[in-house]
2 protein chains.
Amino acid sequence: MVTLAEVAQHAGVSASTVSYVLSGKRSISTTTRQRVEESIRKLGYHPNAGARALASSRSNIIALMIPLRTDMYVPVMMEIAIAVAAVARTHGYDILLLTDEEGPDAVRRVTGSGLADAMILMDVELDDERLPLLRGADQPSVLIGLPADTEGLTCVDLDFRATGALCVEHLARLGHRDVAVIGEAAAVYERHTGFAERTLDGLRTRARELELRLLHRPCEGGYDAMAATLARVFDERPDTTGFVVQNEAAVEPLLALLRQQGRAVPEDVSVVAVCPEQVAIQASVRLTSVAVPAQEMGRRAVEQLVAKLDGRGSDEVVLLAPELTVRASSGPAPVQP
Amino acid sequence: MVTLAEVAQHAGVSASTVSYVLSGKRSISTTTRQRVEESIRKLGYHPNAGARALASSRSNIIALMIPLRTDMYVPVMMEIAIAVAAVARTHGYDILLLTDEEGPDAVRRVTGSGLADAMILMDVELDDERLPLLRGADQPSVLIGLPADTEGLTCVDLDFRATGALCVEHLARLGHRDVAVIGEAAAVYERHTGFAERTLDGLRTRARELELRLLHRPCEGGYDAMAATLARVFDERPDTTGFVVQNEAAVEPLLALLRQQGRAVPEDVSVVAVCPEQVAIQASVRLTSVAVPAQEMGRRAVEQLVAKLDGRGSDEVVLLAPELTVRASSGPAPVQP
DNA sequence: AGAGCCTGTCGAAGCGCTTCGACTGCTCTC
DNA sequence: GAGAGCAGTCGAAGCGCTTCGACAGGCTCT
């Protein structure tokens, strides 16, 4: 291992000078800087992370806490995580991957040990038990997701309420009067994960305003569950012509079942999905959808955090505006007989 | 921040004693140990990670390098990553998440800076440019995936050659003579990602031995691509009754298209998939499949690495034996007219 | 022309921990 | 009953870096 001292000796300067070249915290003459940089390159010097962290009480690491559960909206999580890692690097930070297995203890451990300078939490529940710790911590943090009480917290999320409203508006404009919402699995609502409830709220509020009838059904993924759910929907509301789906695992089954039942999309029935772009595009019918902007969410989360670490920025809730892309799965409602 | 010294003072012992209580590297009397542990708890002490790393030249961090590309086999990657993180914690390690965006530089940076004690690399290509660095490094590493030359490396992977063979054997036993292989996107083969080629090799070798006709077609995911591929397959080999699919994004399109063409699964055509369990179970027909044991791979990778870090263990290639689960998508070949 | 100010550099003091050697009382052993 | 051996504890020396204060030399003022 090459050390600072060796670089200094090689360049004929003192250790502190090398340090200042590296950090830029004091002005250094061009000739000295070049000589030092040359030595660094020649010797293949990399500053020791531990020593740096100890001396500066900055680890340049951001902890990212992702849900252990691998059953749900996995691609979104993955996309966020990768975006976070990539963007963090451009700001000079590395990412420490934490699962929520340890629960709140992980927060204590990481803040307590100075392992990371800050945290990003994903999959935040409305009344998450980690929140009090974050509020009390001296380290900045950002949530991806929106808890019930955002006081003293910084959050980044898609505006799911607006997302719901947007879906309803689209279907209403096309003339649909009876709309069914195929939601996430019941477990997701029970955990009080904010996004599912907020979408529903947006859907309901706007439906009321536009005088649409709305029927909400949670749904596990897969064919069997979807078949059962669909049967109940048409049983209860035979005139349903519009669907809003917020459940990646239900999208394809829904399309297949509709087809199988002789209901053409979009001639007889319109489908609007809330899902990542890729799912919407790769489906058997190109789906009209509101995209979940995973990368954007990851990016914004990191940027908020870096701003805080730099002493800029403040607690703030960033809600990304949803965008609805019209594709092949939605069209004018059929004229009712 | 509470420090070791404060704990020592609170417990009425020297700092080194506290350190030894923590590390267990020297024997400590029960009464002293208890007093120290009590103080630690009361003060809420967490050892400073940086200081620890500096003094011991051990960070207790394992770097995990995952592919940036989010277009491919994402759930598998995610599952591995999460398993790695969880298992690493049980051994006292945290995970540093690296994307392959930095390429080989990331390896240099991490080894050079002592940020991590070891690395796990995913998505290894047959002739990966990071390999020479790993061979030369003084840090242990484990690959998930199998490069062409495994000399001096530790690798963990599913035995994809055996996987291919297993699929062919299953179809042969059922009496199928003409089998089509729907592979990953052409780009995957071009990158020379080992697993795709090895599966193909296993398929071909065993097919030759069992005198099956095999037709391999790479396929992008999605419906349009699958439709084109399928048309070409039946055009070229009208008697095809067996399919092996190694491409998550092609599974559902294939099933839908077969159905649409009036070919019943498994009565007319059998389908065997190589994919994660969940995909096989959630598909519109429950798929006979060889599971990609993502969690197991992650677990084994960490265990190999920890063994090396502890001075146990050696370079070794761990190939997990594939298991084929018969479900509803495969059955006896129809009698040829 | 001297006070006052930058600019560029250095030395030294830690940051909080691990670990080595040394020391103190013991208990064994022959 | 003297020597060996061991369990239990301590002090001090770093680990490699950042950062503070100091200072030399050159500049701009009045």
Side-chain angles (χ1 to χ4, degrees), chain A residues 1-37 39-40 43-61 92 109-117 138 309, chain B residues 1-37 39-40 43-61 92 109-117 138 309:
Chain A
M1 280 309 75
V2 187
T3 69
L4 227 215
E6 295 177 77
V7 173
Q9 189 173 13
H10 185 271
V13 297
S14 76
S16 51
T17 300
V18 177
S19 179
Y20 286 123
V21 166
L22 250 28
S23 68
K25 292 190 179 174
R26 286 203 181 171
S27 51
I28 297 285
S29 69
T30 319
T31 59
T32 306
R33 183 199 313 299
Q34 283 172 351
R35 207 142 33 85
V36 170
E37 282 168 352
S39 298
I40 288 176
L43 301 179
Y45 168 70
H46 287 271
N48 179 291
R52 213 166 222 205
L54 178 57
S56 66
S57 15
R58 280 284 211 130
S59 65
N60 288 304
I61 288 178
R109 189 168 63 85
V110 169
T111 42
S113 66
L115 233 187
D117 297 333
D138 45 352
L309 285 167
Chain B
M1 283 306 77
V2 187
T3 69
L4 227 214
E6 296 177 75
V7 174
Q9 189 173 11
H10 185 272
V13 297
S14 76
S16 51
T17 300
V18 177
S19 179
Y20 287 123
V21 166
L22 250 28
S23 69
K25 291 191 178 171
R26 286 205 181 168
S27 51
I28 298 284
S29 70
T30 318
T31 60
T32 305
R33 183 198 313 298
Q34 282 171 351
R35 207 142 32 87
V36 170
E37 282 167 352
S39 297
I40 288 176
L43 300 179
Y45 169 70
H46 288 271
N48 179 290
R52 212 165 223 205
L54 177 57
S56 66
S57 15
R58 281 286 210 129
S59 64
N60 288 304
I61 288 178
R109 189 168 64 85
V110 168
T111 42
S113 67
L115 232 188
D117 296 333
D138 44 352
L309 285 166

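Below, chains carry the letters A, B, ... as their sequence lines are ordered, and counting in each starts from 1.
- Rounding to whole angstrom units, CZ of residue Arg35(B) and C1' of dT9(D) are separated by 11 Å.
- Shown here is Gln9(A), whose CD atom has no more than 12 heavy atoms of other residues, nucleotides or ligands within 6.0 Å.
- Inter-axis angle, ends of the helix from dA1(C)-dT30(D) to dC30(C)-dG1(D), five pairs per end, rounded to 10 degrees: 30°.
- Residue Leu54(B) contributes atom CG, which lies 17 Å from atom P of dA13(D) at whole-angstrom precision.
- Counting any heavy atom pair closer than 4.0 Å across all strands shown, Ser27(B) reaches a base atom.
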Below 3.5 Å is the cut-off: list the nitrogen or oxygen pairs between protein and nucleotides 17-20 of chain D, distance only.
residue : atom : partner  : partner atom : Å
dC17(D) : OP1  : Tyr45(A) : OH           : 2.4
dC17(D) : OP1  : Asn48(A) : N            : 3.3
dC17(D) : OP2  : Leu4(A)  : N            : 2.3
dT18(D) : OP1  : Arg52(A) : NE           : 2.9
dT18(D) : OP1  : Arg52(A) : NH2          : 3.4
dT18(D) : OP2  : Ser19(A) : OG           : 2.8
dT19(D) : OP1  : Lys25(A) : NZ           : 3.4
dT19(D) : OP2  : Lys25(A) : NZ           : 2.9
dC20(D) : N4   : Tyr20(A) : OH           : 2.6

Would you list the atom pairs, donor with acceptor, under 3.5 Å between side chains in residues 18-26 of chain A and any protein atom, with sequence neighbours excluded?
residue  : atom : partner  : partner atom : Å
Ser23(A) : OG   : Ser19(A) : O            : 3.3
Ser23(A) : OG   : Lys25(A) : N            : 3.3

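- Positionally, the nearest nucleotide of DNA chain C for Ser14(A) lies more toward the 5' end than for the other of Gly50(B) and Ser14(A).
- Of all non-hydrogen atoms in Leu309(A) and Arg58(A), the two that sit nearest each other are O-NH2, 2.9 Å.
- The side chain to side chain contact (heavy atoms under 4.5 Å, CB included) check on Glu6(B) picks up Val2(B), Thr3(B), with sequence neighbours excluded.
- Closest of all the heavy-atom pairs between Val110(A) and Ala116(A) is CG1-CB, 3.5 Å.
- Residues meeting the side chain to side chain contact (heavy atoms under 4.5 Å, CB included) test with Ala11(B), sequence neighbours left out: Val13(B), Val36(B), Ser39(B).
- Listed by chain and residue number, nothing satisfies the side chain to side chain donor-acceptor pair (under 3.5 Å) test with His46(B) (two or more places apart in sequence, or in another chain).
- Residues Ser59(B) and Ala53(B) share a closest heavy-atom pair of CA-CB, 4.1 Å.
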